[in-house]
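Structure, as C-alpha cells:
Model, not experiment: these values are computed from the prediction.
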Amino acid sequence: MAADSSKGADPPALGWLAVSLVMVALAYEPNFAHGYINYNESGQHLAAIAELARGSLLFRDIFVQYGPLHYYIPLGAFEALGYSIATLRGYFLVGEIAGLLAAYALAREVIGRRFLAGVAGIALVVLSHHPFWSTRWGGWRFAFVYLAVLALLRFSRTRRAGWMIASGVSTALAFLHTYDAAAAAGAGALAYLVFEWAARRNFSELTRTSGLYAAGIAATLLPFAIFLFATDTVGDFWRQLPLANPGRAWLQPFGVEDLSSTILFPAGIFLLSIGMVIREAAAGQWRDGRTLGLVVLVSSGGLLYASAFRAIRGPQFETSLPIAVILAVYWLGEAWTYFEAARESPQDRLRGGLALAGVVLGILAFGLADIRAYAGGPLAWGRYQLNKAHWVPRHVGADVLNDDFRVIAVEGAGRARVPGWQAEEIEGITAYVVEALPPGEPLFAYPDLGIFNYFAKRPHITRFQIPILAAASPAWTEELMDALREKRAGVALVGKGLSTVARATRHTGEYLPEAQAFILANYTLAGKIGRVYAFRLEAEE
C-alpha cells in the first residue's frame, strides 16, 4: 500500500502545504469562543481542571472518563492563557485540526495519486468535521490513532525500527488521552503483527517487531505508572476504566431504530476492504504491503467506526469516519487504475467501467446523503463556510452572532459570548451560590451542573463532579449517596428537565433519581433562575 512515485505520490511541499491550508481554513471556527455552553460537556472538563489546579488527584479525588492527558493538556493551556471558556474551546479546536492533519498525512501514505490524496484531505474535513462539537468534544483523541497507524505503514515499507517505536509511543499517548482511541491503535498493531507473522513465519523478526512496539509503549507509560504507584491510585484508576464498568448507559449499543442507510454507508467501505483482504489471502498475494496496509486500516478504522454505535447520541459517528474516507478515496484510485488497464477486450473494459462507476456512485451517495445533514444539506453547509465569520454553530444549523449574544459577567468565563438567556442564568445562579455558601463550603449540582462549582469556586461533595456519572456503578451510587447524606451541602442545584446524557440516550427518566429525591426531602426551594432551581438545606431542629 506504499505510495507509487509513478502515479505522482509524495506530493511536493507546496502541494502538502496548499491542501493543509485549505483543510485548516475549512475546519477553523472564527467564533470558536462563542455560542451556547453545553453544561455537561464543558462542566466535566472545567470542574476537573479546577480541581487539579487546587491540588486534587485524578481518579482518587476527581472522577474522569478519559485519560490524564485529556485534562493535563488543557490545564497547561489554562495556566498559560487563562481560565476561560475560550481556552477550553480553543484546546478542543486545535486538537480537532491536528487530528485532521494527521489523517491527511495518513491519506498521503495510503493513496498513490497526488490529486486523490488532496481530495481525501478536503473530504476529511467536509465529512468528519462538525463545527459545533469541534470546540466542545474530542480534542487530540484521534490524532494519536492516525499517527500510530501511519507509523505502522511506514515501518512496513521501510523496516526502520524508529517507526515501530513511534507507533508504540502514539498508542500509549492515545491511551493516556482516550481509551477507545488506544484500543483502535492497538487493534491495528495487533493485526499487523499477526498478518506479518503469517506472511514471514520468522519468529526472530516477530520478536524484534513486537519488542520495538512494546518498548515505545513502555517508555511512554512508565511515568504514568510511577505516578499511580506514588499516589496510591492504581485501584482508583482501574475501577474508572470502561473495561471495568461496561454497564455505563452511554456505552451501550445503538438501538435498531437508529440505523439508517446513511449511517451504514461507511460499513460498505470496510466490507469491500475486508473482502479484498480475503481475496488476496486466498490467492496467496497477501504478503505484499498493500494487503498488510488494508489489514491495519480496517482493524483500526473499523474499531473506531464500530465504537460509534453506542447509546449516547453525539459527534462520535462523524469523528470516527476519517479512515473510512481514506479507504473510499483509495478504492477510487484503485478502480481508476483497473479501468485504465482494462484495454484487452470489451469484457475487461466493461468490468473496469463498472468497478469505477460503482465506487464513484458509492462515494457520492455517502458524501451527499449523510454528514452535512446537521447543517441542512450540502448547500447549507456551503453557506455556513462562506458566512461563518458572522455565525456560531448549533447542534444543527447556525445562528447569527448578534446582540442576542453577550459576554458572561462571571470570573472564569472569559470573553465568551453566549445567548443572553444563558448569560443571565449563569450570572444569577453563580451570584446566589457565592452569597449563600462561604468559600470552602461544598456545592451539590445535580444532575450535570458541575460547571457551577467552577464558576462559583466551590468544591464538590464527592469526586463525581458530574453526579449522574455515579449511576454507572452501584458502588459509585452508594459512594455518592453516602457523601450527600454525611456532608450535607448547604446549597443544592437541580436542573429543569432531563440531563443531556439522559436525553442523548433516550432515557425515560433521569439517572440517579435517589439523589434528586434526597434533595427534595431535605432541602427547601430558594428560587429558580432560568432552567436551574436552587435549594437551601433545611435547618436541623
Side-chain angles (χ1 to χ4, degrees), residues 1 99-100 102-113 115-130 142 145-146 149-150 152-153 180 184-185 187-188 191-192 195 254 258-281 286 289-309 315-339 352 354-373 378:
M1 191 171 258
L100 290 168
Y104 173 50
L106 178 59
R108 290 186 64 203
E109 181 69 18
V110 170
I111 300 167
R113 298 174 183 268
F115 173 73
L116 287 182
V119 168
I122 305 304
L124 286 167
V125 183
V126 174
L127 296 176
S128 65
H129 171 78
H130 193 305
F142 298 114
V145 180
Y146 307 139
V149 173
L150 173 62
L152 278 174
L153 299 185
D180 58 344
Y192 176 84
F195 270 75
F254 256 34
D258 296 296
L259 300 179
S260 67
S261 59
T262 54
I263 288 178
L264 293 175
F265 265 125
I269 300 297
F270 288 114
L271 291 175
L272 172 62
S273 303
I274 293 171
M276 292 303 295
V277 169
I278 295 173
R279 175 181 176 275
E280 292 176 4
W286 57 293
R290 162 178 148 140
T291 310
L292 277 174
L294 286 176
V295 166
V296 171
L297 289 168
V298 168
S299 299
S300 291
L303 186 58
L304 279 179
Y305 177 67
S307 69
F309 289 85
Q316 73 271 12
F317 174 69
E318 288 179 344
T319 52
S320 73
L321 292 177
I323 291 182
V325 172
I326 292 170
L327 281 171
V329 180
Y330 169 77
W331 285 119
L332 178 61
E334 293 296 294
W336 178 255
T337 300
Y338 181 57
F339 174 71
L354 289 174
L356 180 59
V359 175
V360 170
L361 289 175
I363 291 176
L364 286 175
F366 171 47
L368 295 178
D370 187 30
I371 307 305
R372 301 306 90 196

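- Looking at every heavy atom in both residues, Tyr330 comes nearest to Val110 through CD1-O, 3.6 Å.
- For Leu272, the side-chain contact (heavy atoms from CB on, under 4.5 Å) partners at least two apart in sequence or on another chain are Met276, Trp331.
- Residue Ile111 comes nearest to Ala117 through the heavy atom pair CG2-N, 3.9 Å, listed as atom of the first residue, atom of the second, then distance.
- Taking every heavy atom of both residues into account, Ala120 and Val325 meet most closely at O-CG1, 4.4 Å.
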Could you walk me through whether Leu106 and Ile326 pass the side-chain contact (heavy atoms from CB on, under 4.5 Å) test, one step at a time?
CA-CA 8 Å; Leu106 178 59; Ile326 292 170; 4.0 Å; yes
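- Inter-residue side-chain proximity for Ile323 and Ser300 is flagged as met; some heavy-atom pair is nearer than 4.5 Å.
- Here the straight-line distance linking atom CZ of Phe142 with atom CG of Leu100 works out to 10.5 Å at 0.5 Å rounding.
- Partners of Ala105 under the side-chain contact (heavy atoms from CB on, under 4.5 Å) rule, at least two apart in sequence or in another chain, are Trp16, Leu150.
- Taking 4.5 Å as the limit, some side-chain heavy atom of Tyr305 sits within range of a side-chain heavy atom of Leu321.
- Checked against side-chain contact (heavy atoms from CB on, under 4.5 Å), Leu271 has no partners two or more places apart in sequence or in another chain.
- The line from CG of Leu153 to CD of Glu109 is 6.0 Å long, rounded to the nearest 0.5 Å.
- The distance from the CG atom of Leu297 to the OH atom of Tyr146 is 11.5 Å, given to the nearest 0.5 Å.
- Residues Leu327 and Leu294 are in side-chain contact: their nearest non-hydrogen atoms beyond the backbone lie under 4.5 Å apart.
- Of all the heavy atoms in Leu303 and Ala187, the pair that sits closest is CD2-CB, 3.9 Å.
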